Protein chains: 2
Amino acid sequence: MSADTRAPRERMVYAAAQHLRRAGVGGTGLRQVVVDADAPRGSLQHYFPGGKDQLVAEALDWSGTWAAARVEEHVSRMRRPTPSRLFKAVVGDWAADLEAREFARGCPVAAAVVDCADTNETVRHAAETALETWRRPITDALVAMGRPRRRAESLSTLMLCALEGAILLSRAGRDTAPLRLVARELAPVLDA
Amino acid sequence: MSADTRAPRERMVYAAAQHLRRAGVGGTGLRQVVVDADAPRGSLQHYFPGGKDQLVAEALDWSGTWAAARVEEHVSRMRRPTPSRLFKAVVGDWAADLEAREFARGCPVAAAVVDCADTNETVRHAAETALETWRRPITDALVAMGRPRRRAESLSTLMLCALEGAILLSRAGRDTAPLRLVARELAPVLDA
DNA sequence: CTCCGACTATGACAGCTGTCATAGTCGGAT
DNA sequence: ATCCGACTATGACAGCTGTCATAGTCGGAG
């Protein structure tokens with residue numbers, strides 16, 4: 001978990017992702033990322049010849065993969081899995097993270113979309129891919145719970161919409177109530 | 001509707017809001033805003049002595065008020081209003097806007113939260129207020145439709161969560177499917 | 001040893017940012 | 001006519017941005 005145990009390259013990607021979560025793409029400076037990652041500045045152009053775009057794209061990719069793994073952890077841990085329980089687990093992760101960090105960090109994908117959807121096709125595409133990476137294990141889990149594939153696709157999209165929006169409202173109001181609310185309100189739809 | 005008909009000061013606020021929607025707070029340059037607003041640069045320090053923070057805050061305020069008025073328009077136009085119909089109407093606005101502008105512009109409040117929630121208390125507070133301004137007429141409408149106030153508060157929050165998330169996913173994938181999906185899936189919960 | 005590739009170090013670059021100081025231009029009230 | 005306040009114009013400022021050129025270090029293979 002500590003940054004020191006990772007290779008410098010991955011540390012940079014991780015640091016970039018964390019910085020994204022806090023201040024968005026525009027607010028993320030390469031020099032600051034390098035400091036946070038405790039990495040040499042010269043390594044930037046070595047590992048990321050594509051510049052900031054590449055670094056941000058890889059940060060999104062990393063985040064998507066991480067989120068997907070987290071979903072699978074939840075699924076495998078649940079004894080009698082239901083859609084609403086999975087959703088509650090994911091929402092719970094976010095609520096805990098937001099409170100622990102005092103609402104300082106949100107979703108890196110949201111940051112990328114908001115800042116770059118119209119100005120940077122590379123980043124926008126990486127964000128889209130990250131969302132798909134994240135959504136896939138959710139869909140698969142819902143299928144394993146007996147939902148038809150088509151239906152599972154819809155429900156996983158619904159989950160991510162509600163989650164992203166709830167993260168936003170929670171950060172705006174410095175209160176995790178919206179997160180808890182969507183978990184509660186969506187349960188009947190998800191389990192229907 | 002044209003920018004020329006408004007006073008310079010309001011043109012600047014409006015231009016700032018539109019720029020926010022496209023590139024976030026970090027990506028919004030004051031000089032560019034001034035050009036878009038066709039306003040004199042010197043007026044910035046005259047009308048907005050509080051600097052960029054004040055301009056962004058006022059842009060959020062303007063946006064919240066505009067969104068609230070739009071909600072009231074929908075409500076007053078509906079003959080047999082139901083929660084799900086109101087939600088569909090609001091979602092429809094966004095879907096139409098996204099498609100018309102080719103997903104270039106999202107929600108200014110989302111942009112502000114993502115970029116500034118942890119770095120700029122002034123802006124974060126303005127975003128929180130704008131969300132409340134927006135949510136209030138929705139809550140009131142739901143009360144008028146017979147929901148208990150407490151319940152109406154929950155449902156309006158749920159709507160905004162789903163909407164904000166769906167805007168995000170729609171922009172990421174350049175497809176309004178998520179917006180249409182949340183309108184459909186949430187209907188039973190809203191009308192229950 | 002020698003050479004080479006992987007990686008690091010550092011300084012410079014133009015461009016942009018928000019902010020400020022200073023001066024200027026009006027229109028209208030006195 | 002003169003004065004004042006509202007508004008505009010312009011240039012400068014330090015600070016930061018991402019990117020690049022150049023040179024350096026270092027470890028291991030030949």
Side-chain angles (χ1 to χ4, degrees), chain A residues 3-20 22-60 111-112 114-116 118-124 126, chain B residues 3-20 22-60 111-112 114-116 118-124 126:
Chain A
D4 313 21
T5 63
R6 276 187 276 246
R9 210 199 117 104
E10 190 185 355
R11 285 208 312 266
M12 291 192 242
V13 173
Y14 175 81
Q18 299 310 315
H19 220 289
L20 270 188
R22 219 171 97 181
V25 178
T28 295
L30 261 15
R31 284 165 175 83
Q32 192 56 48
V33 168
V34 153
V35 169
D36 290 0
D38 201 22
R41 212 187 90 201
S43 298
L44 258 181
Q45 67 182 293
H46 186 203
Y47 288 123
F48 308 95
K52 188 179 189 179
D53 287 3
Q54 184 186 350
L55 180 60
V56 170
E58 290 202 32
L60 294 175
V114 155
D115 283 353
C116 300
D118 188 52
T119 58
N120 190 324
E121 175 60 20
T122 304
V123 170
R124 195 223 103 235
Chain B
D4 313 19
T5 63
R6 275 186 277 245
R9 208 198 120 103
E10 190 185 355
R11 286 209 310 266
M12 291 193 240
V13 173
Y14 176 80
Q18 299 310 316
H19 220 291
L20 270 187
R22 219 170 98 180
V25 178
T28 295
L30 261 15
R31 284 164 176 83
Q32 191 58 47
V33 167
V34 153
V35 170
D36 290 2
D38 200 22
R41 213 188 89 202
S43 298
L44 258 180
Q45 68 182 294
H46 184 73
Y47 289 121
F48 308 95
K52 188 178 187 177
D53 287 5
Q54 184 186 350
L55 179 60
V56 170
E58 291 202 30
L60 294 175
V114 155
D115 283 353
C116 301
D118 187 51
T119 59
N120 190 325
E121 174 61 17
T122 305
V123 171
R124 194 222 104 237

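Sequence lines set the chain letters: A, B, ... in the order given, protein chains first and strands last, and positions in each chain run from 1. Treat the numbers as computed from the prediction; the structure is a model and nothing was measured.
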List, one per line, each side-chain donor-acceptor pair under 3.5 Å for residues 48-56 of chain A, sequence neighbours excluded.
from    : atom 1 : to       : atom 2 : distance (Å)
A:Lys52 : NZ     : A:Val25  : O      : 3.1
A:Lys52 : NZ     : A:Thr28  : O      : 3.0
A:Asp53 : OD1    : A:Asn120 : ND2    : 2.9
A:Asp53 : OD2    : A:Asn120 : ND2    : 3.4
A:Gln54 : OE1    : A:Gly50  : N      : 2.7
A:Gln54 : NE2    : A:Glu58  : OE2    : 3.1

Query raised in the report: Sequence neighbours excluded, which residues qualify as side-chain hydrogen bond (donor to acceptor under 3.5 Å, both in side chains) partners of B:Gln45?
Result: none
Query raised in the report: With A:Gln32, which residues qualify under side-chain hydrogen bond (donor to acceptor under 3.5 Å, both in side chains), at least two apart?
Result: A:Asp36
Could you check how far [atom1] of [X] sits from [atom2] of [N], rounded to whole Å?
X	N	atom1	atom2	value
A:Arg11	C:dC7	CZ	P	13 Å
B:Leu44	C:dC20	CG	C1'	12 Å
A:Lys52	D:dT19	NZ	C1'	12 Å
B:Asn120	C:dG18	CG	P	13 Å
A:Leu55	D:dT17	CG	P	14 Å
B:Gln54	C:dG18	CD	C1'	14 Å

Determine the minimum heavy-atom distance between [X] and [Y], stating which atoms define it.
X	Y	value
A:Ser43	A:Met12	CB-CE, 3.4 Å
B:Gly24	A:Asp115	CA-OD1, 3.7 Å
B:His19	B:Gly27	CE1-O, 3.7 Å
A:Ala23	B:Thr119	CB-CG2, 4.5 Å

**Report entry** Runs of at least three consecutive pairs that involve DNA chain C, where pairs are Watson-Crick or G-U with distances under 3.5 Å
**Finding:** C:1-30 with D:1-30
Report task. Give a yes or no answer on whether the side chain of A:Arg9 reaches the backbone of A:Tyr47 with a donor-acceptor pair at less than 3.5 Å. Result -> yes
Query raised in the report: Where the side chain of B:Arg6 meets the backbone of B:Arg11, is there a donor-acceptor pair that is under 3.5 Å apart?
Result: no
Below 3.5 Å is the cut-off: list the nitrogen or oxygen pairs between protein and nucleotides 21-26 of chain D, distance only.
from   : atom 1 : to      : atom 2 : distance (Å)
D:dA21 : N6     : A:Gln45 : NE2    : 2.7

Query raised in the report: Among residues 25-33 of chain A, which contact DNA chain C at a heavy-atom distance under 4.0 Å?
Result: A:Arg31
Report task. Could you tell me which residues satisfy salt bridge (charged side-chain N to carboxylate O under 4.0 Å, His left out) with A:Arg41, sequence neighbours excluded, listed by chain and number? Result -> none
Query raised in the report: What's the closest nucleotide to the A:Tyr47 side chain, out of D:dG18, C:dC7, D:dT8?
Result: C:dC7
Query - Out of D:dC7, C:dT8, D:dA9, whichever nucleotide has its closest atom nearest the side chain of A:His46 - result: C:dT8
Query raised in the report: How far does CG of B:Leu20 sit from CG of B:Leu60, to the nearest 0.5 angstrom?
Result: 6.0 Å
